[in-house]
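Report on the structure given below.
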Amino acid sequence: MGPGRGSRSDTRHSVRLGEFYIGRNLVTNAEYKLFCDAAGSRHKPGGNRRDNVVASYWDSPDFSWAEKANHPVLFVGYNQVTAYCQWVSAKAGWNVTLPSEAQWERAARGQTKTGEEFEYTWGNETSAEDYENRLNYNVLCAVKNGISRSIAGNTYPWWPFIVEKRQASSMASNFKGVAYGEEDERTPDIQESSDEVKAVWSRIMRRGGYTTPVGSYPPGPSGCFDMAGNAFEWTRDFYTIAWYLKLAEKTVDPCVDDVNMLTDEDRKSGSDGMQGGPGAGAGGRPTKVIRGGSWYANEGSCKTHRRTETRAAGPAGYHSVGFRVVATIKSKA
């Protein structure tokens, strides 16, 4: 487990895992609704103030159950997904939880030796065709929601988004500017803070983000779908810089799920999804690691080893974060 090429400087290391089963798919809107119907509307997906989603996106007139039932549920906070897992556990008679980071990465990378792990869910090499045909990331959102417009003699095929072609992929260079309603100095023709552009983003949010149906892309090496893109995934691990490595040296199924393990430095290092990367906006709150990239993220976030994104552990949900579950057999008393 650990970084591949171009990752942050977390140390590559081996991890010992016991037997576990992991969901082939992210939990969908339809599946999560069964839980809400049984456990109460207080568990319905919500949001945080930064996402400008006050009520559940399920209640928006722009949200289509016919289109979105089989899409990953979003805006579900850590407390909500933990309650969902407890509900499924009681019904199924198994121990059902979120995956640990190590379990998630094992499923995403496949059964490989340390030093030979997959960089992507499909292998160690990538091409423009891989990004187009194997995952949903923010370029797809830009292309599907943008329109052709000419401004000052320049043609923008996917206004208000700017999509730039790279050798092996594409990038939506002003995506965060559109999402935050903030001007991007690199795109003087696009007024990201204008009401017209904000309306484009608001419509995307009211529809529940630009997700795709689970299983739309080829599975990874363990048979799991959408471990690259579509929705980030909650894990059980709090973000920690050094403690995890010590735990992995002597523990089977290492997981930093005790907040008392965290140092002050750990608490300052979580990003909580704010601009600026790790350390920006965490405010000393404990944060959980999320994995896998999303419809909102760039292609780099979709790498199997990438762990630069975290979110606050609590009731708040986020527009790009969903979850899948793992199950283990309950030990006999």
Side-chain angles (χ1 to χ4, degrees), residues 1-2 7-8 10 15 17 20 22-23 26-27 32 43 45-48 50-51 72-86 88 95-108 226-227 230-245 247-248 251 253-274 276-294 296-297 301-326:
M1 178 178 172
S7 174
R8 291 179 60 206
D10 300 322
V15 173
L17 294 174
F20 67 95
I22 188 166
L26 291 151
V27 174
Y32 191 78
H43 294 291
N48 58 33
R50 185 172 64 82
D51 292 325
V73 64
L74 303 176
F75 294 103
V76 281
Y78 190 83
N79 293 356
Q80 293 168 299
V81 301
T82 299
Y84 175 90
C85 290
Q86 292 169 347
V88 175
N95 289 315
V96 178
T97 67
L98 291 171
S100 66
E101 273 202 272
Q103 289 171 329
W104 188 94
E105 190 166 320
R106 163 63 178 81
D226 296 307
M227 299 199 87
N230 212 5
F232 278 114
E233 303 182 30
W234 286 108
T235 72
R236 296 202 315 275
D237 286 85
F238 285 105
Y239 181 79
T240 178
I241 298 172
W243 177 252
Y244 186 88
L245 295 177
L247 191 67
T251 306
D253 293 319
C255 181
V256 183
D257 55 0
D258 183 351
V259 70
N260 295 314
M261 294 179 177
L262 304 183
T263 65
D264 289 341
E265 186 177 4
D266 291 332
R267 291 172 182 269
K268 294 176 182 178
S269 297
S271 66
D272 195 24
M274 306 296 275
R285 294 175 296 173
T287 57
K288 295 283 186 174
V289 179
I290 57 173
R291 290 292 202 110
S294 77
Y296 179 82
S301 297
C302 301
K303 294 180 179 180
T304 58
H305 58 76
R306 194 66 173 263
R307 64 188 304 262
T308 56
E309 292 282 348
T310 69
R311 297 292 185 272
Y318 298 86
H319 59 35
S320 60
V321 184
F323 70 106
R324 78 178 69 224
V325 300
V326 298

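Computed over heavy atoms, backbone and side chain alike; hydrogens, waters and symmetry mates excluded. The structure presented is a predicted model; accordingly, all values stated were derived computationally and were not measured.
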Taking salt bridge (Lys or Arg N to Asp or Glu O under 4.0 Å) as the criterion, tell me which of Arg306, Arg311, Arg307 meets it with Glu309.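 When Arg306, Arg311, Arg307 are each tested with Glu309, the salt bridge (Lys or Arg N to Asp or Glu O under 4.0 Å) holds only for Arg311.
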In Å, rounded to the nearest 0.5 Å, how long is the span from [atom1] of [X] to [atom2] of [Y]?
X	Y	atom1	atom2	value
Ile290	Leu98	CD1	CG	12.5 Å
Lys303	Arg291	NZ	CZ	13.0 Å
Cys302	Asp226	SG	CG	10.5 Å
Ser100	Arg106	OG	CZ	12.0 Å
Thr287	Asp237	OG1	CG	11.0 Å
Asp257	Glu101	CG	CD	12.0 Å

Return the set of residues passing side-chain hydrogen bond (donor to acceptor under 3.5 Å, both in side chains) with [X] (not counting sequence neighbours), or none when no residue passes.
X	result
Trp234	none
Tyr32	none
Glu233	Trp104, Arg324

Asn95: what forms a side chain to side chain contact (heavy atoms under 4.5 Å, CB included) with it, not counting sequence neighbours? Thr328, Lys330
Sequence-distant partners of Asp258, side chain to side chain contact (heavy atoms under 4.5 Å, CB included), two or more places apart: Asn260, Met261
Tyr318 ring center near Phe232 ring center (under 6.0 Å): no
Write down the atom of [X], the atom of [Y], and the distance for their closest heavy-atom approach.
X	Y	result
His43	Ala83	CE1-CB, 3.8 Å
Leu17	Phe20	CD1-CE2, 4.0 Å
Gly322	Leu74	N-CD2, 4.1 Å
Ile22	Ala107	CD1-CB, 3.9 Å

Determine whether a donor-acceptor pair (N or O, by modelled atom type, separation under 3.5 Å) exists between the side chain of Lys288 and the backbone of Arg236. yes
Mark yes or no for whether Thr235, through its side chain, and Val289, through its backbone, hold a donor-acceptor pair below 3.5 Å.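 Here the side-chain-to-backbone pair exists.
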Just so I know, are the side chains of [X] and [Y] near enough to count as touching, which here means a heavy-atom distance under 4.5 Å?
X	Y	value
Pro72	Asn230	yes
His319	Phe75	yes
Val256	Leu262	yes
Val15	Pro254	yes

